[in-house]
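Here the structure is laid out as structure tokens; the discussion comes afterwards.
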Amino acid sequence: KQVQFSRFGMPHEVADCAEVPDVGPPAADEVVFEVLAFPINPADLSLFTGRYAAKPPLPATPGAECIGRVTAVGANVRHVKPGDRVINLLRENWTQRRKVPAASAIKVREDIPVLQAAMLRINPPTALLLLDDVVKLKPGDWIVQNGANSAVGKTLIGLARERGIRVINVVRREALRGLIAGLGGDAVVVDGPDLAQRIRAVAGGAPVVYAIDCIGGPATTL
């Protein structure tokens with residue numbers, strides 16, 4: 001079974017559960033796995049409506065992420081074996097079984113809860129990239145991010161804390177302060193016209209060496 005849609009529209013109106021042929025055995029450099037769980041991402045919903053960056057040919061299957069259990073591997077595959085859990089770097093994951101190039105299957109530890117493992121491919125690597133690949137950060141540095149209650153923002157808080165990097169977290173509602181503080185955010189400030197001054201005050205005169213923006217527009221005109 002596989003989720004498909006043959007026209008663009010609201011997901012609950014156009015999604016269909018289709019019977020499709022089995023994926024068959026893997027070629028030498030392929031992996032077959034049973035899908036254990038997949039999340040519903042905003043990108044998936046945009047795909048249904050035709051508002052995503054690229055429109056797929058129809059009929060199409062959504063699914064940016066998933067976690068699966070390997071059932072068969074090709075003769076040349078060494079990094080995973082039947083029984084391993086894997087995430088998949090390709091899309092079209094709202095389905096029961098997948099067959100993918102072996103290079104797209106990444107082994108996942110068994111101690112990660114299945115629903116969390118299903119969400120490993122997009123937001124956690126994005127947060128890690130933002131911390132590691134743009135600015136050379138060191139323990140004690142102050143950085144600032146807006147949209148701190150987003151999936152990437154919340155993941156970034158945990159990763160930064162492990163590295164000793166201090167994060168000023170900007171949110172739009174006072175009600176979110178407790179949530180972000182509970183995740184280990186060093187400081188939480190609510191957006192407003194004096195945001196720049198309050199960020200400088202939190203840092204206590206230390207430089208804020210890096211700003212991460214998930215909103216765009218005038219949000220970064222500090």
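Numbers here simply count residues along the sequence, with the first being 1.
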Query - Minimal non-hydrogen separation, D194 against R198, with atom names - result: OD1-NE, 2.9 Å
Query - Check: D133 side chain, L130 main-chain N or O, donor-acceptor pair, under 3.5 Å - result: no
Requested in this report: For W142, check ring-ring contact (aromatic ring centres under 6.0 Å, His included) against everything at least two apart and list the hits.
Outcome: none
Query raised in the report: Is the number of heavy atoms from other residues, nucleotides or ligands under 6.0 Å of R161 CZ greater than 12?
Result: no
Query raised in the report: Should R69 and D84 count as an ion pair when the cut-off is N to O under 4.0 Å?
Result: no
Report task. For residues 61-105, pull every pair meeting ring-ring contact (aromatic ring centres under 6.0 Å, His included), keeping only residues two or more places apart or in separate chains. Result -> F38-W94, F48-W94
Query - Transitive ILVMFWY side-chain link L89 to V108, under 4.5 Å - result: yes
Query raised in the report: Do Q145 and I157 have side-chain heavy atoms sitting under 4.5 Å apart?
Result: yes
Query raised in the report: In chain order, what residues pass the side-chain contact (heavy atoms from CB on, under 4.5 Å) check against L90, with sequence neighbours excluded?
Result: N88, R98, V100, P101, S104
Requested in this report: Report, as yes or no, whether the 6.0 Å neighbourhood of atom CG on L129 holds more than 12 heavy atoms from other residues, nucleotides or ligands.
Outcome: yes
**Report entry** K107 side chain to V80 backbone, donor-acceptor under 3.5 Å
**Finding:** no
Query raised in the report: Stepwise, does the side-chain hydrogen bond (donor to acceptor under 3.5 Å, both in side chains) test hold for T71 with E34?
Result: CA-CA 7 Å; T71 59; E34 297 278 354; 5.3 Å; no
Query raised in the report: Is it the case that more than 12 heavy atoms not belonging to R172 sit under 6.0 Å from its CZ atom?
Result: no
Query raised in the report: Distance-only, no hydrogens or angles: does the E65 side chain make a donor-acceptor pair with backbone N or O of R121 under 3.5 Å?
Result: yes
